[in-house]
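Here's the structure, in structure tokens; my notes come after.
Quick note: numbers below take in every heavy atom, side chains included, and nothing from hydrogens, waters or symmetry partners. Chain letters run A, B, ... following the sequence lines, proteins first and then strands; every chain starts at 1.
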Amino acid sequence: MIYFIGNKELVENEFYEFSTIDKCIDYFKDKESIEVDTETTGFDPHTCKIICIQLGDKENQFVIDVNAVSILLLKELLESKLILFQNAKFDLRFLYSNDIYPTKIYDTFLAECVLTTGLEDRELGLKALAWKYCGVLLDKEIRGQIYREGLSTRVIQYAANDVAYLHLIREKQLVEIEKLELNAVLDLENEVVKVFAKMEFHGILLDPDKWMDVAKTTESNVINLQLELDEIVLNEPKLSKYVPKYKQTDLFGFEKRDLDINWSSNAQKLKIVKDLGINIDSVDERNLSKNKRKHIIMSKLLDYSKQAKLVTSFGKKFLSFINPKTQRIHFSIWQILSTGRISVSEPNLNQIPSKGELGKKIRSCFIPKEGYSIVGGDFSGMELRLIAEFSQDKLWLDAFNAGQDLHSVLCAKTFDISITDVKQETPFKAGVTYRDVQKTINFGLAYGMSKFKLADTIDISVDQADKIIKKFFAVVPQVNSFLNLLGNTGKKNGQIRTARPFRRLRQFGNWQSAMENQGSSDSFKALGEIERASKNSPIQGSNGDIIKLALINVQNRIDANNYPVTIILAVYDEIQTECRDDFAEEWKLILNDIMIESAKVIIKSIPVEVDCKISKSWTK
DNA sequence: TCCACGGGCGCG
DNA sequence: AAAGCGCGCCCGTGGA
């Protein structure tokens, strides 16, 4: 039965009955769980509002007009029961804006994500889930019109439908979850979604003036580089065909640029480079830098791409992400990628420049609110530590246990040099040290890099690369066999998992067809990709699991003690928080402690290190 | 004018 | 045969 709680002036009809908020609360008082959904005037909880909130189960659904009834009357209920959501993060943000903080959550959307990670053509929407698990066809056509239409009869019916099937979906999902042994990772996701909702809701503060300064610098850099590139073309006989015979003037008689080359066009750049007799097949950084000495234009093109990237991705436009109401940036988080990591978009705060002077400057534009500091913790060498833990390779473990620099230790062994010489330049590439090469090897070979790619990356012959690879794996034989085990497991089963206790599952959606077409070149390619992804996924994914656990533990500590701290960002293996100044020193120690303890759930054989900092801006 | 796609590159 | 993994965003391109 559908009950509507709100304005009595609406015409009563056969589709629903009127009820009261007391009756609704009374109905759920003794239930273990409630299905909850909200309809809102838009996507942003800071500038939009909840229109109605629905509470329901299989038998009864209550659609509550929050303009007529205070949503706060539901606070106690929503904060004490297990709440079933479809895509909890969306509703949580709106509930947070109404000062309601659910504690126990089951998200049918996240469960479906966990069940289908890596599968192609999966469907995660409520309509698909209701069909898949309940055989019910939901009508979602009205969805986009609710704001305009208001709480009409059909809107009330539609809204009620969204809280009528989640129990059944959950029941059926849990059977699958149990079968695939995904309980632990599902619990993790259902917990951490609260933290992600809070992060999105709270947002991050950017200093717009400082950002503008940087943007102006990069913009003028690009303009100058463009002129310099034009100049090179004008003075290069081989490129004379790009120079028009007559100078053009615009409507006002001013001279326009002599050239009409778009330096952002890869196709045009490639054509020009080829006209210079330099034979490359693309104008990416590798190819340009490899042929830097062949023509002066090469290094200019390199500079141009770098600066242009800064202008387009991290220029003025970026300021439009600042929310007019809160003056903060409310990014959005995709909670479960194929390995278990998260991604951040609109804007992608995972890709804010960090390297070099400019990177530092750009990151320093992210600041805490008045009276607060940014306190951040950064796991050091997480993936390398995970490789040590999983492979139990003696050398790898010893290096970490002795507190040595792993790259240097491995480097000395791979190249048969003294550990004091690892920062010497290699004979095969100018300006590159042995340790640099070793880093490429450690991160590359661990995930299936071939001798061809290694040769290409560090500019040596394929034979030389082959020898280095063989030597490397002879030095760390257990790493070799562990990675091979992963690769073979993935190829054999079409799926791979992260470490205990989470054992997150990644399935390879194209595995079945690759197996059926064995022998074909498509299949060979696909299985190669599966093999390499299988080597990487447990490492990258376990790292993701650890960060999520740490976020949960950090948030729980904050809540339990009512600390003046908010988590603002999680980037790969770092957690950034905004902490009241007077508490920063103490918090730094607590954060450090929680992060280490969280990682220990998976890393048991070697120490875990976290680098914690207090700052008035986001620092690396 | 819109959309999908691929190259390229920012981060780990 | 093809030969590091994981992302999101920008632009130009080409077809509708």
Distance check: side-chain N/O of [X] vs OP1/OP2 of [N], anything under 4.0 Å?
X	N	result
A:Ser343	C:dG8	yes
A:Ser282	B:dG8	yes
A:Lys309	C:dC10	no
A:Lys306	B:dG10	yes
A:Ser265	C:dT13	yes
A:Lys620	B:dC11	no
A:Arg363	B:dC11	no

Just how far, in rounded Å, is [atom2] of [N] from [atom1] of [X]?
X	N	atom1	atom2	result
A:Gln351	C:dC10	CD	C1'	9 Å
A:Lys535	C:dA3	NZ	C1'	10 Å
A:Leu301	B:dG8	CG	C1'	13 Å
A:Glu531	C:dA3	CD	P	13 Å
A:Leu310	B:dC11	CG	P	9 Å
A:Asp522	C:dA3	CG	P	12 Å
A:Phe318	C:dC10	CZ	C1'	14 Å
A:Tyr304	B:dG8	OH	P	15 Å

Between [options], spot the one nearest the side chain of [X], thanks.
X	options	value
A:Ser450	C:dA3, C:dT13, C:dC5	C:dA3
A:Ser345	C:dC9, C:dA3, B:dG10	C:dC9
A:Lys317	C:dG8, C:dG4, C:dC10	C:dC10
A:Arg532	C:dG6, C:dC9, C:dA3	C:dA3
A:Ser354	C:dG12, B:dG12, C:dC9	B:dG12
A:Pro353	C:dC9, C:dC5, B:dC11	B:dC11
A:Ser313	C:dC10, C:dA1, C:dG12	C:dC10
A:Asn262	C:dG12, C:dG6, B:dC11	C:dG12

Electrostatic pair [X]-[Y], nearest N-O below 4.0 angstrom:
X	Y	result
A:Glu219	A:Lys216	no
A:Glu189	A:Arg504	yes
A:Lys89	A:Asp107	no
A:Asp463	A:Lys467	no

* To do: Could you give the distance separating C:dG4 and B:dC5 at their P atoms, to the nearest angstrom?
  =>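 The answer is 25 Å between these two P atoms.
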* Mind checking the P distance from B:dG7 to C:dA2? Whole angstroms is fine. ->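 It works out to 15 Å between them.
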* State whether a side-chain donor-acceptor pair under 3.5 Å links A:Glu516 with A:Gln518. =>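 There is no such pair (donor and acceptor under 3.5 Å, judged by atom type) between the side chains of A:Glu516 and A:Gln518.
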* If you measure only the distance, is there a donor-acceptor pair under 3.5 Å linking the side chains of A:Asp44 and A:Asn323? ->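 Side-chain D/A pair, A:Asp44 to A:Asn323: present.
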* For B:dC11, which nucleotide in any strand shown is its Watson-Crick or wobble partner with both distances under 3.5 Å? ->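 Per the H-bond distance test, C:dG6.
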* Nearest nucleotide by nearest heavy atom, which residue falls closer to the 5' end of DNA chain C, A:Lys525 or A:Gln268? ->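 Looking at the nearest nucleotide for each, A:Lys525 comes out on the 5' side.
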* Asked: Taking for each residue the nucleotide of DNA chain C bearing the nearest heavy atom, is the 5' side occupied by A:Gly528 or by A:Phe524?
  ->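 Counting from the 5' end, the first nearest nucleotide belongs to A:Phe524.
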Touch class at under 4.0 angstrom, heavy-atom based, for [X] against every strand present:
X	answer
A:Glu383	nothing
A:Val344	sugar-phosphate
A:Glu285	sugar-phosphate
A:Arg286	nothing
A:Asp573	sugar-phosphate
A:Ile352	sugar-phosphate
A:Gly519	base
A:Ser338	sugar-phosphate

* Quick one: closest heavy-atom pair of A:Ile539 and A:Phe482, and the distance? =>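 That closest heavy-atom pairing would be CD1-CE2, 4.2 Å.
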* Donor-acceptor pair under 3.5 Å: do we get one between A:Tyr447's side chain and the base of C:dG6? ->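 By the distance-only test, no, there is no pair.
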* Distance-only donor-acceptor test (3.5 Å): side chain A:Arg341, base C:dG6 ->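 Per atom types, the contact qualifies.
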* To do: Evaluate whether the aromatic ring of A:Tyr572 and the six-membered ring of the B:dG12 base sit under 5.5 Å apart, centre to centre, with an inclination under 30°.
  =>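 No, aromatic ring not over the base.
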* **ring pair (Phe, Tyr, Trp, His ring centres under 6.0 Å) evaluation trace for A:Phe43 with A:His330** => CA-CA 11 Å; A:Phe43 298 117; A:His330 301 276; over 10 Å; no
